[in-house]
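Notes to accompany the following structure.
A, B, ... follow the sequence lines: proteins, then strands. Residue 1 opens every chain.
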2 protein chains.
Amino acid sequence: MSNLDQGRVATRSTETTRTALIKAATSVFAEYGYDGGSVRLITQRAIANQAAVNYHFGGKDGLYREVLIEATRAFEENAFLDPEELDSLSPENALRRYLHQFLLPLVKRDRVSRYLRIFAWESVRPSEVFSAFVAHSPPRIFVLAERVVRRFLPRDASAETVTFAMLWLAQQPMFFVREAERLAQPPFSLKFDDDALERLVDTLAALSLRGLAGV
Amino acid sequence: MSNLDQGRVATRSTETTRTALIKAATSVFAEYGYDGGSVRLITQRAIANQAAVNYHFGGKDGLYREVLIEATRAFEENAFLDPEELDSLSPENALRRYLHQFLLPLVKRDRVSRYLRIFAWESVRPSEVFSAFVAHSPPRIFVLAERVVRRFLPRDASAETVTFAMLWLAQQPMFFVREAERLAQPPFSLKFDDDALERLVDTLAALSLRGLAGV
DNA sequence: TTCCGCTTCAAACGGCCGTTTGAATTTCGG
DNA sequence: CCGAAATTCAAACGGCCGTTTGAAGCGGAA
């Protein structure tokens with residue numbers, strides 16, 4: 001039995017335990033994935049009892065669901081971009097704005113890197129919890145990317161061409177954000193501070209806009 | 001104790017068991033990753049005894065090493081591209097050749113999809129076996145991508161710009177190959193036969209060459 | 001102070017894990 | 001066909017897994 005539907009207000013102690021468990025679970029799941037991350041390790045890092053996971057969250061999956069909720073919340077904060085804002089800009093500026101927004105996690109890496117790793121795990125083998133979680137929310141990054149490329153492509157472009165171009169654009173920032181940890185090490189050694197981020201936006205915008213021949 | 005250093009020639013039966021185990025291990029590791037894939041499931045699919053893994057390969061890690069050897073071998077076959085061949089082509093044709101070569105797994109998917117999934121697992125959390133395996137072989141795809149972009153970029157381009165552009169190009173085919181299974185499902189529903197592959201090469205080549213503004 | 005519900009806790013449960021063991025079986029040169 | 005080596009096999013080992021259990025600790029209302 002869990003306490004999920006009890007009426008009492010949460011005591012300080014309760015909230016402390018819950019918070020510590022979610023925080024520890026975030027790092028453990030980021031490190032080892034959902035299947036690979038153990039409740040024992042989580043409760044050990046949170047300095048809590050093993051049974052606390054089942055008591056407060058109903059089980060390992062319930063705890064993971066809380067982590068996913070927090071992860072998407074943090075992401076919406078850091079990478080929020082209004083679709084209509086894109087339409088109000090020139091195509092070139094819409095492109096730059098799109099790239100900048102979705103490359104932002106590069107410099108806020110400490111805060112969102114764990115969430116990025118969790119999403120990376122899910123991209124290899126989606127857990128049931130995750131699948132159910134994102135079932136009814138289409139990835140915003142694709143929607144916005146399509147809006148940007150439509151500003152450039154001719155009206156008679158085939159649906160396939162639009163999809164190709166949309167995916168082509170969408171995965172450009174995704175790659176750098178996802179692989180940031182690897183790119184920070186040799187042989188690349190790319191460290192992304194604010195200036196480097198601007199240079200990356202410039203380079204990607206130039207390449208996407210005019211291609212290799214126009215750099 | 002294993003039979004790894006015995007002098008006898010492999011019997012038909014030995015080779016049958018080894019082959020069946022490697023094949024089963026490939027599908028299991030592709031599905032669940034190295035940590036998540038169990039020896040019990042592998043030997044069950046191979047219709048072999050659990051102890052056979054330790055007897056023939058010295059353990060789970062030895063079997064995984066064989067899978068990685070086979071995976072890279074299959075990859076070098078399917079995506080081999082001579083660096084000097086790129087230099088002999090015009091920049092435009094070198095770009096097309098590069099994209100075509102590294103998008104090839106899209107249509108040979110049945111043969112290499114399992115290997116792609118294994119590499120995807122390793123990209124999230126490299127196993128010790130994998131790290132040791134690739135320690136002294138730089139990813140060919142990056143080397144070739146740099147060769148291509150250098151044909152286009154001005155001589156005085158900064159090292160950082162070259163790296164950005166190289167990564168930008170390298171991950172374009174990687175994305176489509178890695179995400180092919182997801183792209184085959186709604187809402188994208190992209191099926192890659194030979195014709196679709198050519199159209200994708202065309203689109204990516206045009207976008208990379210002249211950018212969004214030049215399509 | 002007594003009581004009662006919330007929370008913590010140590011221990012145990014059943015299950016799957018990779019590996020080891022030692023005997024049974026098969027293979028193959030002599 | 002015999003005997004030794006190679007291979008297969010069922011069983012067991014110790015360890016980690018998520019979850020359950022029931023008692024103990026705790027805090028606020030009566």
Considering all heavy atoms of both residues, which atom of B:L169 and which atom of B:S208 are nearest to each other, and what is their separation?
->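 Nearest pair, atom of B:L169 first, then B:S208: CD1-OG, 4.4 Å.
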
Heavy-atom count around B:R150 CZ within 6.0 Å, excluding the residue itself: above 12?
-> no

Calculate the interatomic distance between [X] atom [atom1] and [N] atom [atom2]; express it in whole Å.
X     : N      : atom1 : atom2 : value
B:N54 : C:dT19 : CG    : C1'   : 5 Å
B:F29 : C:dC17 : CZ    : P     : 12 Å
A:I47 : C:dC9  : CD1   : P     : 10 Å
B:Q44 : D:dC9  : CD    : P     : 14 Å
B:N49 : C:dT20 : CG    : P     : 14 Å
A:F57 : D:dT19 : CZ    : P     : 13 Å
B:L21 : D:dC9  : CG    : P     : 11 Å
B:Y64 : C:dG18 : OH    : C1'   : 17 Å

Look at all strands and tell whether B:G36 reaches a base, only sugar-phosphate, or nothing, counting heavy atoms closer than 4.0 Å.
-> nothing

Across the strands shown, which category fits B:A52 at heavy-atom distances under 4.0 angstrom: base, sugar-phosphate, nothing?
->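 Contact class for B:A52: none.
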
DNA chain D: 5'-proximal contact among B:Q50 and A:D35 (nearest heavy atom) | B:Q50

So, the side chain of B:K23 versus the backbone of B:R18: is there a donor-acceptor pair under 3.5 Å, distance only?
->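 Side chain of B:K23 to backbone of B:R18: no pair is present.
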
Proximal nucleotide (of [options]) relative to the [X] side chain:
X     : options                : value
B:T14 : C:dT8, D:dT7, C:dT19   : D:dT7
B:T17 : D:dG18, D:dT8, C:dC6   : D:dT8
B:A51 : D:dT21, C:dT20, D:dT19 : C:dT20
A:S38 : D:dA6, D:dC17, D:dA10  : D:dC17
B:R40 : D:dT7, C:dT19, D:dG18  : C:dT19
B:Y55 : D:dT19, C:dT8, D:dT8   : D:dT8

Among side-chain atoms of A:S113 and A:E181, is any donor-acceptor pair under 3.5 angstrom?
->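 There is no such pair (donor and acceptor under 3.5 Å, judged by atom type) between the side chains of A:S113 and A:E181.
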
Can a side chain N or O of A:H56 be found less than 4.0 Å away from OP1 or OP2 on C:dC6?
->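 No, no such contact exists.
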
Supply the atom-to-atom distance A:L21 CG to A:H56 NE2, rounded to the nearest 0.5 angstrom.
-> 6.5 Å

